[in-house]
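Below: the structure, in structure tokens.
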Amino acid sequence: MAKNQQAIQAIRGMHDILPEQSPYWQWLEHNARQVLASYGYQEIRLPIVEKTELFKRSIGEVTDIVEKEMYTFDDRNGDSLTLRPEGTAGCLRACLEHGLLHNQSHRLWYYGPMFRHERPQKGRYRQFYQLGVETYGMAGPDVDAEMIQLTDRLWRKLGIRDNVALQLNSLGTTEERAAYRGHLVGYFKQHIDVLDEDSLRRLETNPLRILDSKNPDMLPMLREAPVLLEHLGEESLRHFDSLKTMLDDLGIVYELNTRLVRGLDYYGKTVFEWVTDDLGAQGTICAGGRYDGLIEQLGGKANHAIGFAMGMERILALVEQLDTVNIASSVDVYMIRVGTEAEKAGLLLSEQIRNAIDGLKLQVNCGGGSFKSQFKKADKSGAEFAIIIGEDEAARGEVALKSLRIEQEQVSLTHSALLQILEDWHQNKPLA
């Protein structure tokens, strides 16, 4: 590097996941995949970049996301492209483009980075990872219940169920919300002196979002605001009551939150969030709801859809705070080799071990070094055992095996005896 030249750092709000952190990500991803597979959901892999028009049509041109938060640029052909700020629009675009919604139902999930130019803070980044789940073609409350049941199972699997709570609401139909909106705007205008700057801006464009305000000065007024549930029609209430009955039957506790809304008109009927008090202001770890109206908005025929997205960084922050997860080391066995013949023998033996014991994590010391320096590396690796080969062991066709985690005598073994011991241990070792 040239003198006085500063090192390049990551873009603000876009963070590296370092080797000591990645096992926790892998653990979370593995558990999520297992739960999704157990409910019959299939993975769909989507582009990170989409046409800007997709998000303008789905999210809306006058929303904060489109106006202020999207990473948008013109490519060499002059097309306006955007790094995806969320996954629902891209997933639905793919299903429409490939004809997956014609007389079919689908259960899909996707995973990857999303991008929003927000003010970075703990739990909120400019590049963040989401797991999204979407279903299409199912109208009844049973799939709504399944989505909530699925997330409930995942929280139990991750050991965080006691630290999250389910909030539930119904937004009814577009027509029911339009009638309710008139009552709501009238109420807010009677209390206009209490509204903050954000709420005044939303009063004419998106008054339901005012209900979701976290401004403590507005909470007493919001608690007395008209309630959408009291303006729902018979069919919407029947759908919501059926969902609540299913959740009661499953033993899934929920809290009715009449201020839980969505800012986009294509959402309707069921909305839900999983929240925690353990992460400060960034308390929502998963949010979902029905969005039947979006399919027609993106050019498809009228259909049914419900989905949710969960923030992976927030879930991991909660797991880290609870400190209940013991992630296995990325190395099971570390091989120490000192001397030319020992290095040759170890190179061959390491491949024999990998061939014989599928899934064993064996790391071989490279770059030389004394026995002492290599033992330090072995211990730091987190390995359970060290295989030691010096010139004497190489000449005899043997190895020494030493436990690095419990007090045991170092033993000399033939290669076949070593394989048997490692295979027995690998078969019976605790799962990560």
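Only a predicted model underlies this, so the values are computations on that prediction, with no experimental measurement involved. The first residue of the sequence shown is numbered 1, and numbering continues consecutively from there.
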Flag for Asp196-Ser199: side-chain donor and acceptor within less than 3.5 Å:
yes
Between Arg201 and Asp198, is the closest basic N to carboxylate O distance under 4.0 Å?
yes
Taking the basic N atoms (NZ, or NE/NH1/NH2) and the acidic carboxylate oxygens, is any pair closer than 4.0 Å for Glu50 and Arg93?
yes
Strictly under 6.0 Å, is that where the ring centroids of Trp425 and Phe385 end up?
yes
Measure the CD1-SG distance between Ile295 and Cys95 for me, rounded to the nearest 0.5 Å.
8.5 Å
Taking the side chain as every heavy atom from C-beta outward, state whether Val185 and Arg181 have any pair of such atoms under 4.5 Å apart.
yes
Pair Glu204 + Lys189, salt bridge at N-O below 4.0 Å
yes
Could you grab the distance from atom CD1 of Ile285 to atom CG of Leu318, nearest 0.5 Å is fine?
6.0 Å
Criterion salt bridge (charged side-chain N to carboxylate O under 4.0 Å, His left out) against Arg107, the qualifying member of Glu134, Glu146, Glu43:
Glu146
Could you list the residues that satisfy side chain to side chain donor-acceptor pair (under 3.5 Å) with Asp424, not counting sequence neighbours?
Gln420
Any salt bridge between Lys269 and Glu235, counting N to O under 4.0 Å?
yes
Any ring pair (Phe, Tyr, Trp, His ring centres under 6.0 Å) pairs touching residues 228-272, not counting sequence neighbours?
Tyr180-His231, His183-His231
Below 30° counts as parallel, above 60° as perpendicular, anything between as tilted: where do the rings of Tyr41 and Tyr39 land?
perpendicular
Any chance you could measure Ile252, atom CD1, to Trp155, atom CH2, to the nearest 0.5 Å?
12.0 Å
Is Glu234 salt-bridged to Arg238, going by a charged N under 4.0 Å from an acidic O?
yes
I need the Met312 CE to Ile17 CD1 distance, nearest 0.5 Å.
9.5 Å
Polar side chain donor-acceptor pair, Thr276 to Asn163, under 3.5 angstrom
no
Indicate whether the side chain of Ser381 and that of Gln363 have a donor and an acceptor atom separated by less than 3.5 Å.
no
Hey, is Asp79 close enough to Lys51 for a salt bridge, meaning N to O under 4.0 Å?
no
Just by modelled atom types, is the Ala383 backbone N or O under 3.5 Å from a matching donor or acceptor in the Arg405 side chain?
yes
Can you list, pair by pair, the side-chain donor-acceptor contacts under 3.5 Å of residues 365-374, counting residues two or more places apart and other chains?
residue	atom	partner	partner atom	Å
Asn365	OD1	Tyr334	OH	2.8
Asn365	ND2	Gly368	O	3.2
Asn365	ND2	Gln374	OE1	3.2
Ser370	OG	Ser373	N	3.2
Ser370	OG	Ser373	OG	3.3
Ser373	OG	Ser370	N	3.0
Ser373	OG	Ser370	O	3.0
Gln374	OE1	Arg337	N	3.0
Gln374	NE2	Arg337	O	2.8
Gln374	NE2	Gly369	O	2.9

With a 6.0 Å cut-off on ring centres, are Tyr125 and His15 close enough?
yes
One should read off an interatomic distance between Leu422 CG and Ile357 CD1, to the nearest 0.5 angstrom, of 5.0 Å
